[in-house]
Amino acid sequence: MIEEVRHAHEAALEQVATALTLADLRAVDSEVLAKSGTLGSLKSRLGSLAIEHRKTVGQAINQAIEAVESAADERRRELSAAALQGRIAAERLDLTEITARPRRGHEHLAIQAWERLEDVFVGLGFQIAEGPELETDFYNFEALNMPRSHPARSGFDTLFTDYNEDGTVLLRTHTSPVQIRVMQTVEPPIYMIMPGRVFRRDTPDATHMPVFHQLEGLVIDRSITMAHLAGTIDAFTKAFFGGDFTSRLRPNYFPFTEPSAEFDIQRPDGTWIELGGCGMVHPNVLSAAGLDPEEWSGFAFGFGIDRMARERHGVDDIRDMYSNDVRFIKQF
Ligand code: FA5
């Protein structure tokens with residue numbers, strides 16, 4: 001029987017050593033150590049042995065059981081440690097993506113130009129004002145010397161709202177209505193710019209968008225002349241584009257300024273770019289805004305911010321700026 005104990009002992013140690021999982025080790029308990037197991041069952045046969053052998057065989061069985069139990073405990077610790085390592089490896093998070101330098105976005109081309117323009121004008125001593133995008137007929141047209149029947153109104157392809165049946169609430173077609181709002185609320189002297197989003201029923205093409213941005217300038221003071229206007233435009237041109245750019249005024253017509261001009265800037269290579277409109281604020285506009293034209297005079301100008309950005313970055317088609325194609329946008 002000693003021989004059987006030795007066999008069962010060796011087989012059990014082998015089973016423990018080759019156990020790959022905790023479940024395999026639990027099988028050792030039931031198959032070897034339990035009452036019906038290979039070692040456990042030997043105990044129940046002790047009674048059939050001659051008395052003088054019982055002690056030796058009994059001790060051999062107990063030693064074998066202890067040895068198997070301690071080998072199983074040791075193996076259980078190994079397997080538990082390995083299982084923990086496996087779980088840690090499986091739950092590992094790759095944080096390199098988070099710690100790597102994130103790719104930063106940037107402001108839209110038009111907003112970049114808008115902010116740079118603000119910086120330049122603030123540097124020239126101007127303050128900034130903004131007005132509503134939803135305007136009334138009074139501010140967008142009437143107060144700007146364009147009464148109902150005025151033909152110049154048709155030059156602005158206006159988007160009307162159905163807020164009022166008579167079409168008196170509209171999306172502003174230019175930033176000039178903010179001039180009126182400023183003159184109504186700010187005591188002259190006024191040196192202000194008014195950037196903002198404007199809307200026209202224009203079909204998109206290389207130089208037109210139905211939604212675009214303008215920057216309005218307004219100066220109201222005593223004894224302001226056309227020379228101040230030309231000087232301001234030129235100071236702005238050099239500050240924004242560079243000292244080798246110059247500007248010129250060409251006669252034009254706007255109902256809200258008299259005289260009116262178109263202003264162009266000249267690139268260092270001699271070519272001209274048309275930028276916007278300007279002129280001396282019309283006396284009717286001063287009156288509509290509550291200022292006495294005998295006491296105050298001033299000039300105003302307005303140009304397209306998107307066209308400016310397009311010019312600055314050499315963008316052929318203004319629509320590309322609004323296509324939201326990152327391959328285009330991330331170039332700037
Ligand atoms: C005006 O809107 C006048 N309010 C400007 C002005 C202000 C004149 C103060 C005198 C005194 P005009 O319609 O020309 O003018 O537009 C001015 C500029 O806006 C244009 O020169 C152009 O740069 C830009 N612009 C006009 N329409 C579009 C459009 N659909 N898409 C992009 N830019 C445009």
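Atoms within each ligand, like the ligands themselves, are counted from 1 in listed order. By convention here, the first residue in the shown sequence is residue 1. Quick note: numbers below take in every heavy atom, side chains included, and nothing from hydrogens, waters or symmetry partners.
Salt-bridge formation is detected for the pair Asp73/Arg76: a Lys NZ or Arg NE/NH1/NH2 atom is positioned less than 4.0 Å from an Asp or Glu carboxylate oxygen. Ionic pairing of Glu274 and Arg307 is not present here: no N-O contact between side-chain nitrogen and carboxylate oxygen is shorter than 4.0 angstrom.
The nearest protein atom to atom 22 (C) of ligand 1, hydrogens excluded, is given as Arg307 NH1, 3.2 Å; this is a heavy-atom distance. Nearest to atom 25 (N) of ligand 1 among the protein's heavy atoms is Phe212 CE1, 3.3 Å. At the top of the distance list for atom 15 (O) of ligand 1, counting protein heavy atoms only, stands Phe254 CE2, 3.6 Å. In terms of protein heavy-atom proximity, atom 31 (N) of ligand 1 is closest to Met209 N, 3.0 Å.
Checked against a 6.0 Å centroid threshold, the rings of Phe126 and Phe236 do not count as neighbours. The aromatic ring centres of Phe301 and Phe121 sit less than 6.0 Å apart.
Residue-level proximity to ligand 1 for Ser176 is carried by the side chain, the only part with a heavy atom below 4.0 angstrom. Here Phe256 has side-chain heavy atoms under 4.0 Å from ligand 1, and that is the only part of it that gets that close.
Below 30°, between 30° and 60°, or above 60°: for His150 and Tyr253 the angle between ring planes is below 30°, a parallel geometry.
Glu216 is linked by a salt bridge (charged side-chain N to carboxylate O under 4.0 Å, His left out) to nothing, counting only residues two or more places apart in sequence or in another chain.
Considering backbone and side-chain atoms together, Thr257 places no N or O closer than 3.5 Å to any N or O of ligand 1. Not a single N or O atom of Glu262, backbone or side chain, sits closer than 3.5 Å to an N or O atom of ligand 1.
Of all atoms in ligand 1, numbered sequentially from 1 with element shown, those under 4.0 Å from a heavy atom of Cys278 are 8 (C), 10 (C), 11 (C). Proximity to Gly276 (heavy-atom distance under 4.0 Å) selects the following atoms of ligand 1: 21 (O).
Residue-ligand proximity: Thr207 is placed with a non-hydrogen atom under 4.0 Å from ligand 1. In this structure, Leu275 counts as a contact residue of ligand 1, since one of its heavy atoms falls inside 4.0 Å of the ligand.
More than 12 heavy-atom neighbours from other residues, nucleotides or ligands sit within 6.0 angstrom of CZ on Arg148. The local environment of CD in Glu187 is sparse, with at most 12 non-hydrogen atoms from other residues, nucleotides or ligands closer than 6.0 Å.
Under a hydrophobic clustering in which Ile, Leu, Val, Met, Phe, Trp and Tyr are joined whenever their side-chain heavy atoms come within less than 4.5 Å, directly or via other members, Phe256 and Leu291 fall into the same cluster.
Around atom 13 (O) of ligand 1, the closest heavy atom drawn from Gln179, Arg200, His174 belongs to Arg200. In this structure, of Gly302, Ala152, Gly304, the residue bringing a heavy atom nearest to atom 5 (C) of ligand 1 is Gly302. Nearest residue to atom 16 (O) of ligand 1 from Glu216, His213, Gln214 is Gln214 (criterion: closest heavy atom).
With respect to Ser247, the side chain to side chain contact (heavy atoms under 4.5 Å, CB included) criterion is satisfied by exactly one of Thr237, Ile273, Asp264, Leu275: Thr237.
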